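Below is one structure, written out as structure tokens; the observations come after it.
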2 protein chains.
Amino acid sequence: MKTMHKEHTLTKNQQIIFDLIDKSPEPMKAYSILFNVQKKGIKAPLQVYRALDKLVEIGKIHKIESRNAFIACHNSSCRVAKATAFSICEICEKVTEISSAGLSKYLANFKDKDGMKYIKYNLEFFGLCKKCKVK
Amino acid sequence: MKTMHKEHTLTKNQQIIFDLIDKSPEPMKAYSILFNVQKKGIKAPLQVYRALDKLVEIGKIHKIESRNAFIACHNSSCRVAKATAFSICEICEKVTEISSAGLSKYLANFKDKDGMKYIKYNLEFFGLCKKCKVK
DNA sequence: ATTTAAATTGTTATAATATAACACTATGTA
DNA sequence: TACATAGTGTTATATTATAACAATTTAAAT
């Protein structure tokens, strides 16, 4: 019998919602997701939020807290949503997941004055993306 | 005539709401603020949200995005809410503003691959505070 | 002092985001 | 099989936030 870590098998609702978010070029909001999956039989907000909660928990998607929106994880090393960093353009709202070894190392090792050690963080950078900067 | 930067004079509503948040030992949510200031004549959500927006804009308070809650700024160098970092206990929900010169320097200088330079960031660390860790 | 622009206020209504509660079903494992 | 755990479907409701508009206050500039 194998002792490998089991890859998380998504349930039907989770898969439908993950696929939608994963295909989206921008973060999606819960009720926009709901609207888009109603034809597939997902009719109620709770069905969406439950799937989102699980997908966040297992690290397949991340929540952009300042925007109440969800984005698929494109950081392959990111098994659990414990260390996330994003850049957000304040004009076009483009959101990109940052994967910088230096940054994650720095933050993972950061200790505050009380010596409190953190198990998780979320960082959101705001600025102007290249396109919006030149306009 | 003086050329000093003008201290932002708060309006009545802004002052009432700032005082409340400033006295609170924990972050306050908008509708809890509303409930607490109704006896002072602030009756509607919009009055609260408008004051909150302004207070955030001028850096007197910060929004804890993951909690939809507001906390007074205790970082005296923080004139504008452009660079914020918090620690959040996942059990007792205690929130503390982190003021670490090293951290803010590191983040202020962080550039991503595209060379995008950020004008603002918000960082939320999650973990267990001292009290909750020993329980 | 008077005018003007900008910011703030008060108000009603409504939009957008998220969870409670409960009965039922599927799945994995002992 | 039986038991526990996780997921589903559903209705109702709670929580967070903004739209729109008229009135008022404030700051500053004539």
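Side-chain atoms are counted along with the backbone in the values below, which use heavy atoms only and exclude waters and symmetry mates. Just so we're clear, the structure is a prediction, and the values are computed from it rather than from any experiment.
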Overall bend of the helix from dA1(C)-dT30(D) to dA30(C)-dT1(D) (five pairs an end, 10° steps) is 40°
Hits for ring-ring contact (aromatic ring centres under 6.0 Å, His included) against Phe35(A), two or more places apart or cross-chain, chain-then-number order -> none
Hits for ring-ring contact (aromatic ring centres under 6.0 Å, His included) against Tyr49(B), two or more places apart or cross-chain, chain-then-number order -> none
Beyond-backbone contact of [X] with [Y], side-chain heavy atoms, under 4.5 angstrom:
X         : Y         : answer
Cys73(A)  : Glu97(A)  : yes
Ser100(B) : Lys113(A) : no
Leu103(B) : Asp112(A) : no

Ile91(A) meets the side-chain contact (heavy atoms from CB on, under 4.5 Å) criterion, sequence neighbours left out, with Cys89(A), Leu128(A), Cys132(A)
Taken in chain and number order and not counting sequence neighbours, the residues that satisfy side-chain contact (heavy atoms from CB on, under 4.5 Å) with Ser104(A) are Tyr121(A)
Exercise answer: donor-acceptor pairs, residues 18-29 of chain B side-chain atoms, under 3.5 Å, sequence neighbours excluded:
unit_1	atom_1	unit_2	atom_2	d
Asp19(B)	OD1	Gln15(B)	NE2	3.0
Ser24(B)	OG	Glu26(B)	N	3.2
Ser24(B)	OG	Glu26(B)	O	2.5
Lys29(B)	NZ	Arg67(B)	O	3.4

Please give, in whole Å, the distance from [N] [atom2] to [X] [atom1]?
X        : N       : atom1 : atom2 : answer
Asp53(B) : dT16(D) : CG    : C1'   : 13 Å
Gln38(B) : dT9(C)  : CD    : C1'   : 16 Å
Tyr49(A) : dA16(C) : OH    : P     : 12 Å
Glu65(A) : dA17(D) : CD    : C1'   : 16 Å

Name the pairs: protein N/O against N/O of nucleotides 22-24 of chain D, kept only if under 3.5 Å.
none

What residues 21-34 of chain A contributes to the DNA chain D interface at heavy-atom separation below 4.0 Å is none
| message | Do Asn122(B) and Glu124(B) pair up side chain to side chain, a donor and an acceptor below 3.5 Å, judged on atom types alone? | response | yes
query = Judged by atom type as modelled, is there a donor-acceptor pair below 3.5 Å linking the side chain of Gln14(B) to the main-chain atoms of Thr11(B)?
reply = yes
5' to 3', nucleotides 6-11 of chain D under a 4.0 Å protein heavy-atom cut-off (B base, S sugar-phosphate only, - none) gives -SBBBB
Applied to residues 93-113 of chain B, the ring-ring contact (aromatic ring centres under 6.0 Å, His included) test, sequence neighbours excluded, yields Tyr106(A)-Tyr106(B), Phe125(A)-Phe110(B)
Across all chains, not counting sequence neighbours, the salt bridge (charged side-chain N to carboxylate O under 4.0 Å, His left out) partners of Lys94(A) are none
Counting just side-chain N and O atoms, does Asn68(B) come under 4.0 Å of either OP1 or OP2 of dA17(D)?
yes
Connected to Phe86(A), directly or through other members, by ILVMFWY side-chain contacts below 4.5 Å are Ile64(A), Ile71(A), Ile88(A), Val95(A), Phe126(A)
